[in-house]
Amino acid sequence: MLASTTSRHFVAAATHRAIIARGLASAPAEKLRCAFEEYRRENFQRETPSRFKKELLKSVLPTGESVIPIDGINKLLVNIGHKDDCLSRQEQDELLDEAVGHHDTRNIPIEKIMSALFR
């Protein structure tokens with residue numbers, strides 16, 4: 001019994017590490033991933049993933065900026081027809097806490113969004 005419990009803990013820890021390595025693992029992050037992936041499949045299936053990322057973020061990111069306001073993500077979701085997937089204030093806070101460790105500034109670095117939300 002002890003060996004089986006130890007094995008389960010090892011597998012659970014490995015799975016958790018894999019999720020962390022992939023990027024943000026919260027429910028709001030997964031909600032965004034699903035919405036963006038659905039939009040990509042419907043509208044950008046012939047484009048490279050990097051081209052899709054650039055085109056998608058270009059609409060809400062001023063040139064030269066390195067952070068995106070959390071409200072910009074909801075604006076983006078509305079622009080692509082995924083208004084139902086907009087994040088509530090609580091979901092925004094959870095995403096910010098996970099991405100940057102706090103939700104005081106209400107901004108997420110672009111590299112976090114690019115690497116974590118777009119696989």
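These numbers come from a predicted model, not from an experiment.
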Check: Is the backbone N or O of A25 less than 3.5 Å from a side-chain atom of E98, with the two atoms forming a donor-acceptor pair by type?
Finding: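 The answer is yes, because a donor-acceptor pair under 3.5 Å joins these two groups.
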
Notebook entry, point to check: Do N74 side-chain atoms and C86 backbone N/O form a donor-acceptor pair below 3.5 Å?
Noted result: no

Notebook entry, point to check: Between R40 and E37, is the closest basic N to carboxylate O distance under 4.0 Å?
Noted result: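 Yes, E37 and R40 are salt-bridged.
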
Next item on the list: Look at the aromatic rings of Y39 and F52 and report parallel, tilted or perpendicular, splitting at 30° and 60°.
Entry: tilted

Between [atom1] of [X] and [atom2] of [Y], what distance do you get to the nearest 0.5 Å?
| X | Y | atom1 | atom2 | value |
| --- | --- | --- | --- | --- |
| E111 | I108 | CD | CD1 | 11.0 Å |
| L56 | K54 | CG | NZ | 13.5 Å |
| K53 | I110 | NZ | CD1 | 12.0 Å |

Grab the two heavy atoms, one from [X] and one from [Y], that are nearest each other, plus how far apart they are.
| X | Y | result |
| --- | --- | --- |
| P109 | V67 | CA-CG1, 3.9 Å |
| D85 | K31 | O-CE, 3.2 Å |
| K112 | A99 | CE-O, 3.0 Å |
| L87 | Q92 | O-NE2, 3.6 Å |
| N107 | P69 | OD1-CA, 3.2 Å |
| H102 | D97 | C-OD1, 3.3 Å |

Note to self: Determine whether L96 and T105 satisfy the following criterion, side chain to side chain contact (heavy atoms under 4.5 Å, CB included), listing intermediate values before the conclusion.
What the structure shows: CA-CA 9 Å; L96 286 164; T105 59; 5.9 Å; no

Next item on the list: Please check if atom CD in Q90 has more than 12 non-hydrogen atoms from other residues, nucleotides or ligands closer than 6.0 Å.
Entry: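 No.
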
Margin query: Any heavy-atom pair between the side chains of L95 and L32 that's under 4.5 Å?
Written below: yes

